[in-house]
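Here the structure comes first, spelled out in structure tokens, and everything after it is commentary.
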Amino acid sequence: MTKVVKTESEWRQALDPEQYRILRERGTEAPFSGEYDHVFEPGTYHCAGCGAELFDSDAKYDSGCGWPAFSAPAGDDAVEEESDTSHGMVRTEVTCASCGGHLGHVFPDGPDPTGVRYCINSASLKLEES
């Protein structure tokens with residue numbers, strides 16, 4: 001996968017303030033406030049920062065957590081995961097494999113067959129409807 005590299009100035013120009021806060025500063029939107037929390041249109045979810053394909057609508061489900069939830073990424077190389085010990089918790093952070101933008105976190109409480117829940121900020125996504 002081709003890596004997208006930009007300066008912080010370039011990221012600030014390319015993203016709106018909320019996208020920058022979430023994607024580049026590892027922020028989180030308020031629960032139940034995101035554009036895609038209750039959207040279930042068919043399509044593909046792309047990174048709002050670089051356009052990389054991240055999740056397919058077939059993997060999206062209503063987890064009730066307040067953020068868009070997916071049972072799996074679009075492909076094995078779509079996202080990267082790393083340990084996040086911020087805020088006094090141990091979680092697994094999910095980032096875009098292409099640009100490194102913060103997407104959200106993954107938890108081991110999802111539906112079969114994967115058993116995981118990718119809890120993703122709407123501001124880090126763009127839906128391309130099919």
Side-chain angles (χ1 to χ4, degrees):
M1 173 175 287
T2 302
K3 296 288 185 177
V4 174
V5 179
K6 295 182 181 185
T7 66
E8 288 310 304
S9 176
E10 290 171 323
W11 282 119
R12 283 190 187 278
Q13 290 176 5
L15 303 170
D16 69 35
E18 179 72 346
Q19 290 171 325
Y20 183 86
R21 184 181 73 79
I22 291 170
L23 285 163
R24 307 314 306 169
E25 296 179 333
R26 293 174 159 46
T28 300
E29 61 199 10
F32 304 103
S33 69
E35 175 182 4
Y36 299 122
D37 184 26
H38 286 100
V39 171
F40 295 96
E41 305 305 322
T44 306
Y45 290 85
H46 295 261
C47 178
C50 70
E53 184 176 325
L54 300 174
F55 299 96
D56 189 271
S57 63
D58 289 342
K60 189 170 188 298
Y61 68 100
D62 186 3
S63 71
C65 70
W67 291 272
F70 301 88
S71 59
D76 292 339
D77 60 351
V79 301
E80 294 180 347
E81 300 175 11
E82 63 184 64
S83 181
D84 175 3
T85 58
S86 65
H87 306 290
M89 297 178 269
V90 177
R91 302 176 290 175
T92 302
E93 179 184 14
V94 180
T95 59
C96 173
S98 181
C99 71
H102 172 75
L103 303 173
H105 293 85
V106 62
F107 300 97
D109 60 2
D112 290 334
T114 64
V116 295
R117 171 176 52 98
Y118 286 86
C119 185
I120 307 298
N121 290 287
S122 288
S124 65
L125 300 172
K126 288 289 181 190
L127 173 61
E128 183 179 303
E129 292 186 30
S130 53

- Item | Criterion side-chain contact (heavy atoms from CB on, under 4.5 Å) on Trp11 and Val4, from CA distance to verdict | CA-CA 11 Å; Trp11 282 119; Val4 174; 4.2 Å; yes
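- Of the possible donor and acceptor atoms, none in the side chain of Asp84 sits under 3.5 Å from a partner among the backbone N and O of Glu93.
- Considering every non-hydrogen atom in both Phe70 and Tyr61, the closest pair reads C-CE2, 3.8 Å.
- To the nearest 0.5 angstrom, Leu125 atom CG is 7.0 Å from Leu103 atom CG.
- To the nearest 0.5 Å, the span separating CZ on Arg117 from NE2 on His105 amounts to 11.0 Å.
- In plain terms, the two heavy atoms of Glu53 and Ala74 that are nearest each other are OE2-CB, 3.6 Å.
- Surrounding CG of Asp62 are more than 12 heavy atoms belonging to other residues, nucleotides or ligands, all under 6.0 Å away.
- Under the 4.0 Å criterion applied to side-chain N and carboxylate O atoms, Glu10 and Arg24 are not assigned as salt-bridge partners.
- Among all heavy-atom pairs drawn from His46 and Gly51, the shortest one is ND1-O, 2.9 Å.
- Annotation: the span from Lys126 atom NZ to Cys47 atom SG amounts to 11.0 Å, rounded to 0.5 Å.
- Screening Ser86, Cys119, Ser83 for a side-chain contact (heavy atoms from CB on, under 4.5 Å) involving Arg91 leaves a single residue, Ser86.
- One distance of note links CG of Leu15 with CZ of Arg21; it measures 12.5 Å at 0.5 Å rounding.
- Taking all atoms of both residues into account, the shortest heavy-atom contact from Lys6 to Gly49 is NZ-O, 4.2 Å.
- Side-chain atoms of Ser98 come within 3.5 Å of backbone atoms of Thr2 as a donor-acceptor pair (strictly under, hydrogens ignored).
- Here the side chains of Trp67 and Ile120 are not in contact, with every heavy-atom distance at 4.5 Å or above.
- A perpendicular orientation is assigned to the rings of Tyr45 and Tyr36, their planes being inclined by more than 60° (bins at 30° and 60°).
- Not a single donor-acceptor pair under 3.5 Å links the side chain of Asp56 to the backbone N or O of Ala59.
- Across all non-hydrogen atoms, the minimal contact from Lys3 to Ala97 is NZ-O, 2.6 Å.
- Ser71 places no side-chain N or O within 3.5 Å of a backbone atom of Pro111 that could act as its donor or acceptor partner.
- Ile22 and Thr28 make their closest contact through CG1-N, 4.1 Å (heavy atoms, listed as atom of the first residue, atom of the second, distance).
- Glu29 places a side-chain N or O within donor-acceptor distance of the main-chain N or O of Ala123, the cut-off being under 3.5 Å.
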- Query: Val79 and Tyr118: side-chain contact (heavy atoms from CB on, under 4.5 Å), yes or no, with the steps?
  - Reply: CA-CA 10 Å; Val79 301; Tyr118 286 86; 4.2 Å; yes
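- Distance OG/Ser122 to CD/Glu18: 10.0 Å, rounded to 0.5 Å.
- Atom OG1 of Thr7 is separated from atom CD of Gln13 by 7.5 Å, given to the nearest 0.5 angstrom.
- Ser57 contributes a side-chain N or O that, together with a main-chain N or O of Gly43, makes up a donor-acceptor pair within less than 3.5 Å.
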